[in-house]
Amino acid sequence: MTKTSPRILLSSEEVQARIRELGSQIDRDYPTGTLYLIAILKGACFFLADLARAIQRSVRIDFIGTSSYGKGKSSSGEVKLTKDLDISIEGADVLIVEDIIDTGVTLNYLIHVLQQRRPRSIRIAALLDKPSRRLRPVDVAYTGFQIPDEFVVGYGLDYAEEYRNLPDICVLEE
Ligand code: IMP
Ligand code: MG
């Protein structure tokens with residue numbers, strides 16, 4: 001693929017405004033108590049950092065690593081855990097924080113794995129969703145933006161580990 005400059009799909013201002021709305025909604029929805037925010041490495045780290053600060057209640061954060069995508073743009077269709085949680089989530093209200101849902105394979109697998117650890121509740125917050133690409137069902141409680149089937153980078157999202165530090169969410173064109 002030749003490198004052209006990425007086209008902005010969602011500006012950093014639009015992203016930040018939407019995350020503030022999601023934070024308020026999450027504060028309203030949950031009963032009092034600590035909310036466990038679990039981010040999926042590495043792409044969701046930027047979203048986690050901003051979402052956590054948009055939530056008023058007490059939160060704990062942790063990270064989980066999965067691999068399904070190689071260096072390219074298409075999924076291998078298989079998921080494995082590359083890094084497990086450091087904390088127990090038994091009896092906790094858990095919110096999985098993900099950058100983007102594409103086929104749904106990753107989250108369908110992770111929900112299954114984490115549910116076996118008996119959290120009190122488990123929901124998903126995804127900044128971006130490409131519903132047209134879904135192969136496995138995923139119930140997403142909080143969605144930032146639904147986007148068309150285009151490959152996006154920036155704000156944590158990569159192509160072959162590059163572009164994560166772009167402040168805006170951009171479409172990578174051929
Ligand atoms: P899924 O298992 O197909 O839903 O894939 C989810 C993962 O694929 C995300 O966590 C991303 O790491 C990656 N991914 C899917 N679509 C894109 C994209 O447009 N840009 C960058 N990464 C993507
Ligand atoms: Mg990811």
Side-chain angles (χ1 to χ4, degrees), residues 1-12 14-16 18-19 22 26 36-52 61-86 89 94-117 122-174:
M1 190 173 73
T2 50
K3 278 192 184 176
T4 51
S5 59
R7 161 171 64 85
I8 295 178
L9 180 68
L10 296 161
S11 70
S12 91
E14 286 173 274
V15 170
Q16 292 303 324
R18 182 69 185 123
I19 292 174
L22 291 176
I26 289 164
Y36 285 56
L37 301 176
I38 307 293
I40 305 178
L41 294 170
K42 307 172 192 167
C45 292
F46 295 62
F47 179 36
L48 171 77
D50 288 331
L51 184 64
I61 65 169
D62 202 358
F63 301 91
I64 197 160
T66 62
S67 73
S68 65
Y69 274 61
K71 288 180 181 154
K73 288 182 178 179
S74 61
S75 174
S76 67
E78 276 174 51
V79 185
K80 64 173 189 210
L81 275 196
T82 55
K83 187 220 167 280
D84 204 344
L85 298 175
D86 295 328
I89 56 167
V94 172
L95 186 60
I96 301 178
V97 177
E98 176 60 313
D99 49 9
I100 186 165
I101 306 184
D102 186 31
T103 62
V105 170
T106 306
L107 276 169
N108 182 283
Y109 168 82
L110 258 192
I111 280 277
H112 176 75
V113 167
L114 295 181
Q115 228 141 26
Q116 291 172 349
R117 302 181 187 182
I122 186 159
R123 289 185 188 165
I124 295 168
L127 182 61
L128 305 174
D129 186 6
K130 289 191 217 174
S132 66
R133 298 255 310 163
R134 200 72 89 250
L135 297 176
R136 301 274 166 82
V138 180
D139 186 13
V140 189
Y142 305 98
T143 305
F145 303 91
Q146 291 202 340
I147 62 166
D149 180 13
E150 293 186 289
F151 198 84
V152 288
V153 294
Y155 193 69
L157 292 149
D158 73 305
Y159 174 66
E161 294 298 331
E162 286 194 51
Y163 303 104
R164 291 193 197 274
N165 59 330
L166 295 179
D168 307 303
I169 293 173
C170 301
V171 175
L172 203 55
E173 283 157 335
E174 309 271 330

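All ligand and atom numbering here is 1-based and tracks the order in the structure. Sequential numbering from 1 along the given sequence is applied to the chain's residues.
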Short list, please: which atoms of ligand 1 are under 4.0 Å from a heavy atom of [X]?
X      : answer
Asp158 : 21 (C)
Glu98  : 9 (C), 10 (O)
Leu157 : 21 (C), 22 (N)
Thr106 : 1 (P), 2 (O), 5 (O), 6 (C)
Phe151 : 17 (C), 18 (C), 19 (O), 20 (N), 21 (C), 22 (N)

Lys130 and ligand 1 - part of the residue with a heavy-atom distance under 4.0 Å
side chain
Report the part of Asp99 in contact with ligand 1, treating N, CA, C, O as backbone and CB onward as side chain, heavy atoms under 4.0 Å; options are side chain, backbone, both, neither.
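For Asp99, only side-chain atoms sit under 4.0 Å from ligand 1.
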Can a donor-acceptor pair be found between the side chains of Tyr155 and Asp50 at a distance below 3.5 Å?
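Side chains of Tyr155 and Asp50: pair found under 3.5 Å.
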Looking at ligand 1, does Leu135 have a heavy atom less than 4.0 Å from it?
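No, that is not the case, since the closest heavy atom of the residue is not under 4.0 Å from the ligand.
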Report yes or no: does Glu150 have a heavy atom closer than 4.0 Å to ligand 1?
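In this structure, Glu150 qualifies as a contact of ligand 1 - some heavy atom is under 4.0 Å.
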Got an N/O contact under 3.5 Å between Val152 and ligand 1?
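Yes; at least one N/O pair falls below 3.5 Å.
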Within the structure, does Gly104 bring an N/O atom to less than 3.5 angstrom of an N/O atom in ligand 1?
yes
With sequence neighbours left out, what residues match Tyr109 under side chain to side chain donor-acceptor pair (under 3.5 Å)?
none
Check: [Y] and [X] side chains under 4.5 Å, non-hydrogen atoms:
X      : Y      : result
Ile124 : Asp139 : no
Arg134 : Thr103 : no
Leu85  : Leu114 : yes

Quick one: side chain to side chain donor-acceptor pair (under 3.5 Å) pairs with a partner in residues 144-154, sequence neighbours left out?
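For residues 144-154, and leaving out neighbouring residues, the side chain to side chain donor-acceptor pair (under 3.5 Å) pairs sorted by first residue read Arg7-Glu150.
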Sidechain-backbone polar pair: Asp158 side chain, Tyr163 backbone, donor-acceptor under 3.5 Å:
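Side chain of Asp158 to backbone of Tyr163, a donor-acceptor pair under 3.5 Å: no, none is there.
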Separation between CD of Glu162 and CG of Leu172, rounded to the nearest 0.5 Å:
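One finds 10.0 Å between CD of Glu162 and CG of Leu172.
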